[in-house]
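A short write-up of the structure that comes next.
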Amino acid sequence: MSKPHAVIAIDLPAGLLEDLRRSINPIVTGSDPAAVEAALPRAEGILCSALLPLPAERLDRAPNLRVISNFGVGIDNIDLAAATARGIAVCNTPGVLSGAVADLTIGLILAIARRLFENAAYARDGWPRRQPPPPLGWDPAGKLLGIVGFGRIGQAVALRARAFGMEVIYHDLVDEPVEGLEDCRPVPLDELLELSDVVSLHVNLDPSTHHLIGARELARMKPTAWLINTSRGAVVDQSALVEALRQRTIAGAALDVLDPEPPAADEPLLAMENVILLPHIGSATVETRAAMRDMAVRNLIAVLTGRVPPACINPEVLAARA
Ligand code: DGY
């Protein structure tokens with residue numbers, strides 16, 4: 001029997017590609033847009049990252065597609081409704097990256113609190129001769145962290161933040177107490193924004209969360225508060241954020257994600273002093289990326305060989321095939 005055809009639009013280590021070849025025929029390997037596009041009519045599976053947009057029109061050019069296996073947990077690059085309507089299973093990699101994203105978020109909180117970037121610049125820039133002395137930071141202990149989106153990643157952030165003595169409140173659609181995190185209090189979004197010393201965003205990007213944080217929400221934050229975004233850039237209305245940062249109605253923002261990515265050369269956030277910018281590295285550790293690749297490959301193979309994948313966003317598609 002011939003093996004199912006798949007587009008492998010991310011780089012895989014040789015060993016993993018060999019494993020995959022045992023049950024799948026990779027008709028394209030690599031992210032060259034022209035090669036991916038040309039292979040769509042024959043593709044039964046696509047393994048891709050958020051860098052490959054899959055809107056409905058593109059899915060129409062892939063009539064044999066049975067599975068999109070996304071390398072990552074966020075699937076905002078994929079038109080989920082269109083995929084489901086076409087009977088295409090959409091798989092992702094939840095869980096394996098929660099720790100890495102939470103670690104980065106805590107790293108940003110500590111960098112803000114201890115003014116690490118300013119102090120590193122101070123040390124490089126003639127420290128022995130400098131006056132005034134290095135800028136003082138603040139203790140995370142006793143400060144209030146407001147987590148927007150209390151899923152796997154939000155909860156992993158809460159666990160870590162508590163170890164630093166931070167108090168945690170959160171906002172989520174589900175506001176039942178979470179086992180082991182009963183001391184974290186669910187609150188309405190406005191209350192979270194008004195009370196928090198640090199607001200950290202951990203929601204998926206979908207139509208309901210697009211520009212969730214806009215001018216109105218930023219205006220509710222304390223002038224001393226920081227906004228952290230390690231979710232998706234478009235959860236924040238970026239023009240409104242630039243304005244709030246210019247007017248100093250909030251103290252600053254630490255952003256691992258932007259809208260768009262990479263930013264335009266004239267993006268005002270690139271030049272603002274009260275902004276820390278990172279190039280979308282939430283999951284960027286050797287161990288986490290390996291676990292994500294492994295899970296994405298297992299998802300692809302499972303669906304294309306008629307088995308249950310480790311993680312599927314629209315399992316109804318698989319149920320309908322059974
Ligand atoms: C995700 O998994 O959605 C991350 O943003 C990828 O790095």
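When reading the values below, keep in mind they use all heavy atoms of this one structure, side chains included, and skip hydrogens, waters and symmetry mates. Whatever order the structure lists ligands and atoms in, that order sets their numbers, starting from 1.
- Counting protein heavy atoms only, atom 4 (C) of ligand 1 is closest to H280 NE2, 3.8 Å.
- Taking every non-hydrogen atom of G74 and a distance limit under 4.0 Å, the qualifying atoms of ligand 1 come out as 1 (C), 2 (O), 3 (O).
- In summary, the atoms of ligand 1 found under 4.0 Å from a heavy atom of L97, numbered by their order in the structure, are 2 (O).
- Salt bridge status for R86 with D79: absent, with no side-chain N to carboxylate O gap under 4.0 Å.
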Full working for side-chain contact (heavy atoms from CB on, under 4.5 Å) between E267 and V242: CA-CA 9 Å; E267 168 58 57; V242 167; 4.0 Å; yes
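- No donor-acceptor distance shorter than 3.5 angstrom exists from the side chain of N274 to the backbone of G252, with no hydrogens or angles considered.
- Counting atoms of ligand 1 from 1 in the listed order, those under 4.0 Å from a heavy atom of S283 are 6 (C), 7 (O).
- Residue contact check: V73 has heavy atoms under 4.0 Å from atoms 1 (C), 2 (O), 3 (O) of ligand 1.
- Of the N or O atoms in R232, one or more lie within a sub-3.5 Å distance of an N or O in ligand 1.
- In this structure a side-chain-to-backbone donor-acceptor pair under 3.5 Å is missing from D76 to N204.
- Side-chain contact, D256 with N229: no donor N or O sits under 3.5 Å from an acceptor N or O.
- Ion pairing between a basic and an acidic side chain is recognised when a charged N comes within 4.0 Å of a carboxylate O; R220 and E217 show no such pairing.
- The residue N92 has no part lying near ligand 1, judged by heavy-atom distances below 4.0 Å.
- Taking any N or O of T93, backbone or side chain, none lies under 3.5 Å from an N or O belonging to ligand 1.
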